[in-house]
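Everything below concerns the one structure shown next.
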Amino acid sequence: MSEKETKQAEVVATEAQETVVETATAEAPKEQVSEAQANPEKFLADFNWHNYEEGIEQVDDKKLQEFEKLVSENFVDTLDDEVVEGEVIFISDRDAIIDINAKSEGVISLNEFRYNPNLKVGDKVEVLIDVREDATGQLVLSHRKARVIKAWDRVNNAHETGEIVNGFVKCRTKGGMIVDVFGIEAFLPGSQIDVKPIRDYDQYVNKTMEFKVVKINHEFKNIVVSHKALIEADIEEQKKEIIGQLEKGQVLEGIVKNITSYGVFIDLGGVDGLVHITDLSWSRINHPNEIVELDQKLNVVILDFDEDKSRIQLGLKQLSKHPWEALADDVKIGDKVKGKVVVIADYGAFIEVADGVEGLVHVSEMSWSTHLRSAQDFVSVGDEIEAVILTLDREDRKMSLGIKQLTPDPWTDITTKYPVGSNHTGIVRNFTNFGVFVELEEGIDGLIYISDLSWTKKIKHPSEFCNVGDKLEVVVLELDVEGRKLSLGHKQTTDNPWDKYETEFALGTVHTAEISEMVDKGATVEFNEDIVAFVPARHLEKEDGKKLKKGDSAEFKIIEFNKEFKRVVASHTAIFKEEEMENVKAAVAKAEATASEAKPTLGDANDQLQALKDKMDGKKAKK
């Protein structure tokens, strides 16, 4: 004990002594001794200095403990935000009066009890102190806040323990549903409603269901619940049992869970399997919904699965007999069959002649024409056509068909319809570097060589002469029935103008024309649209010694005409040197005669001929 405390104790003891003395003197001569006097050391040791400094009168500890016990049992600490239980003692039109054993009763608006229209006096309710004292000194309570606090406690506990809770589906929202759980709104995603896709969300509205709390965001006070998690837990047990019993070839009943463009997912009772589109039907289909529909029950066979059996391949068509096995035995090569075009490719079309039985019509068997075209030019998907069976292999389940065989082969009587020398009209179908293919009718094509297109024009490529699709008059030149070849000509449909030109432009004839072009070693002259003559450079010389140039008009003499090679050579110089040429010819003839009589040497004859040539060219003879 400190010195100060000791002094204070002594003062208190002295005061107590004085008081006792005064009292004793006043009341009676009997002497009384206080506790402080009787045992001052014990009094000082037990003295409550805190109560003394605070000015609190000393109270017996036992009584103080009894008082604290009564307070804790009967009164509520209104300073804490704890949820307490109260009793409804009065209900007015707007409020409910709640007794929570505080110094005053609390008030709660009846709006907070809308969920409980049967509230009555005497009911126990959970409340939270909202306002300790309002302007009138009234204690204001909140039942709604108390419910929220308790609800959050229960939700958090359910999330931690995995407890299943009940919830009321209030309404539908974007992406899922709103669920009331313990008075708190929670979100139920559409994907968490069931293990199978949900198409009608409205069927769950206003229903009470069991849920599992799967996620809580404490910052934003968001709760996510799942009904699917409960189903999956049950399914997982079933799944293990089913997977353990799976065997290839086993037939199971399932429900169509989902339909995609590539196949159908089947629920086998907790385990999903896929039926590929090719395993749905022996016939070709464009989409699985042609065969099955959602929620349909059907039997399927297990075709295969992986090691852990998580991917199961199922089949539907395998439960029925293969269509080829059901194909009638009397169907044979050469029979006519009818079917529907199911698939078209560039090389041909597949025809379904019976359910699941298809035959291929190659594009070459669609027409007698030798010009291969696309199958789309002849048929379309969905067409009902007739065909002839060309090949049939039941073991490999293959069949080839033909359409052109339904009509006679046009080459059968080709010699009667297209004899050599006959005239016809055809359509230009194709070009090659050496000619034009012309179709006379479906299946009958002939070739016109480039040299047989025109009598007069020099054609480098057939496209210079005609276009694909043009009609041409043709003459049959040759016919090879065995090789199915037809040789045609177009120029032969008209007279050869060179027969007429042979007389008109005979050697020595003179024609007036204009120099059209200057070319290497000479010039060209156009006498008409067919005759273009060549004039050598030395034959362009005029009488005055000058030479003709482009655009000059003059007379020209034909000095060469070749009908076979369509070659014409002309000369202007020969016009005014005609007389000299005649003299040259006479001299040549005389020299030849003299040479024949004298039998000169070859060198002498050459000298004489050279002298004559030099004279004609205006040169002096060699001496």
Side-chain angles (χ1 to χ4, degrees), residues 346-348 361-379 402-505 526 528-532 561-568:
D346 289 337
Y347 56 84
V361 181
H362 194 270
V363 68
S364 62
E365 302 297 340
M366 292 184 174
S367 169
W368 290 108
S369 174
T370 56
H371 298 293
L372 293 183
R373 287 173 276 174
S374 176
Q376 286 92 337
D377 296 335
F378 299 97
V379 295
I403 298 175
K404 70 182 185 182
Q405 289 76 9
L406 296 172
T407 57
D409 185 352
W411 280 86
T412 303
D413 57 348
I414 189 71
T415 54
T416 304
K417 295 175 66 177
Y418 301 101
V420 174
S422 59
N423 289 4
H424 306 278
T425 300
I427 299 176
V428 177
R429 290 298 185 193
N430 195 17
F431 291 142
T432 67
N433 291 329
F434 52 83
V436 179
F437 282 101
V438 176
E439 185 180 59
L440 300 180
E441 66 171 82
E442 187 78 17
I444 303 296
D445 295 333
L447 174 63
I448 304 176
Y449 282 98
I450 196 170
S451 59
D452 289 319
L453 287 172
S454 175
W455 289 111
T456 58
K457 294 181 180 178
K458 292 182 180 180
I459 302 171
K460 295 181 180 179
H461 192 273
S463 60
E464 301 173 6
F465 183 80
C466 57
N467 299 312
V468 173
D470 288 352
K471 289 185 178 181
L472 285 183
E473 297 292 329
V474 296
V475 175
V476 178
L477 303 180
E478 294 181 14
L479 181 60
D480 182 359
V481 178
E482 186 175 346
R484 288 180 174 253
K485 293 181 180 179
L486 199 61
S487 180
L488 306 174
H490 173 67
K491 69 181 185 181
Q492 290 81 0
T493 59
T494 59
D495 294 334
N496 187 354
W498 286 85
D499 292 338
K500 180 181 68 172
Y501 296 149
E502 189 175 19
T503 302
E504 184 179 346
F505 295 92
E526 293 184 5
N528 58 33
E529 62 179 5
D530 296 327
I531 302 297
V532 179
F561 184 91
N562 189 319
K563 181 176 73 173
E564 182 179 356
F565 295 103
K566 300 180 179 63
R567 176 180 170 83
V568 179

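In this chain, numbering begins with 1 at the start of the sequence shown.
- Listed by chain and number, the residues in a side chain to side chain donor-acceptor pair (under 3.5 Å) with E526 amount to none (sequence neighbours excluded).
- Heavy-atom minimum distance, D452 versus I448: O-CG2, 3.9 Å.
- To the nearest 0.5 Å, atoms CD1 (I444) and NE2 (H424) are separated by 10.5 Å.
- Residues that satisfy the side chain to side chain donor-acceptor pair (under 3.5 Å) test with T407, not counting sequence neighbours, are W368.
- Considering CD1 of I450 and CD of E464, their distance stands at 7.0 Å, rounded to 0.5 Å.
- Residues passing the side chain to side chain donor-acceptor pair (under 3.5 Å) test with H490: none are found, sequence neighbours excluded.
- A search for side-chain contact (heavy atoms from CB on, under 4.5 Å) contacts involving F434 returns T432, L447, Y449, not counting sequence neighbours.
- In plain terms, the two heavy atoms of A375 and V363 that are nearest each other are N-CG2, 4.0 Å.
- With sequence neighbours excluded, the residues that form a salt bridge (Lys or Arg N to Asp or Glu O under 4.0 Å) with K417 are E441.
- Among residues two or more places apart in sequence or in another chain, the side chain to side chain donor-acceptor pair (under 3.5 Å) test is passed with E473 by T425.
- Judged by distance alone, with hydrogens and angles left aside, the side-chain atoms of K485 form no donor-acceptor pair with the main-chain N or O of E478 at under 3.5 Å.
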**OP:** Report the C-alpha separation of N430 and D445 in whole Å, then their side-chain angles, then the decisive distance to 0.1 Å, and conclude whether the side chain to side chain contact (heavy atoms under 4.5 Å, CB included) test is met.
**Re:** CA-CA 10 Å; N430 195 17; D445 295 333; over 6 Å; no
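- Evaluation of the side-chain contact (heavy atoms from CB on, under 4.5 Å) rule for V481 yields I414, T415, L479 as partners, not counting sequence neighbours.
- Residues passing the side-chain contact (heavy atoms from CB on, under 4.5 Å) test with N467 are D470, sequence neighbours excluded.
- Atom-to-atom distance recorded for I403:CD1 and Q405:CD is 9.0 Å, nearest 0.5 angstrom.
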**OP:** Could you go through the side chain to side chain contact (heavy atoms under 4.5 Å, CB included) check for K491 and V475 one step at a time?
**Re:** CA-CA 9 Å; K491 69 181 185 181; V475 175; over 6 Å; no
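- Scored by the side-chain contact (heavy atoms from CB on, under 4.5 Å) test, N562 finds E564, F565, R567 as partners (sequence neighbours excluded).
- Heavy atoms only, all atoms of each residue included: L453 and F465 are closest at O-CZ, 3.5 Å.
- F505 approaches F561 most closely through the heavy-atom pair O-CD1, 3.4 Å.
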Original post:
What's the verdict on side chain to side chain contact (heavy atoms under 4.5 Å, CB included) for V474 and L440, showing C-alpha distance, side-chain angles and the deciding distance?
Top reply: CA-CA 9 Å; V474 296; L440 300 180; 3.9 Å; yes
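- Under the rule for a ring-ring contact (aromatic ring centres under 6.0 Å, His included), F431 has no partner lying at least two apart in sequence or in another chain.
- Considering every non-hydrogen atom in both V428 and C466, the closest pair reads CG2-SG, 4.1 Å.
- If you take CG on L472 and CG on L488, they are separated by 10.0 Å, rounding to the nearest 0.5 Å.
- Partners of D409 by salt bridge (Lys or Arg N to Asp or Glu O under 4.0 Å), not counting sequence neighbours, listed by chain and number: R484.
- Considering all non-hydrogen atoms of both residues, V476 and Y418 come closest at CG1-O, 3.9 Å.
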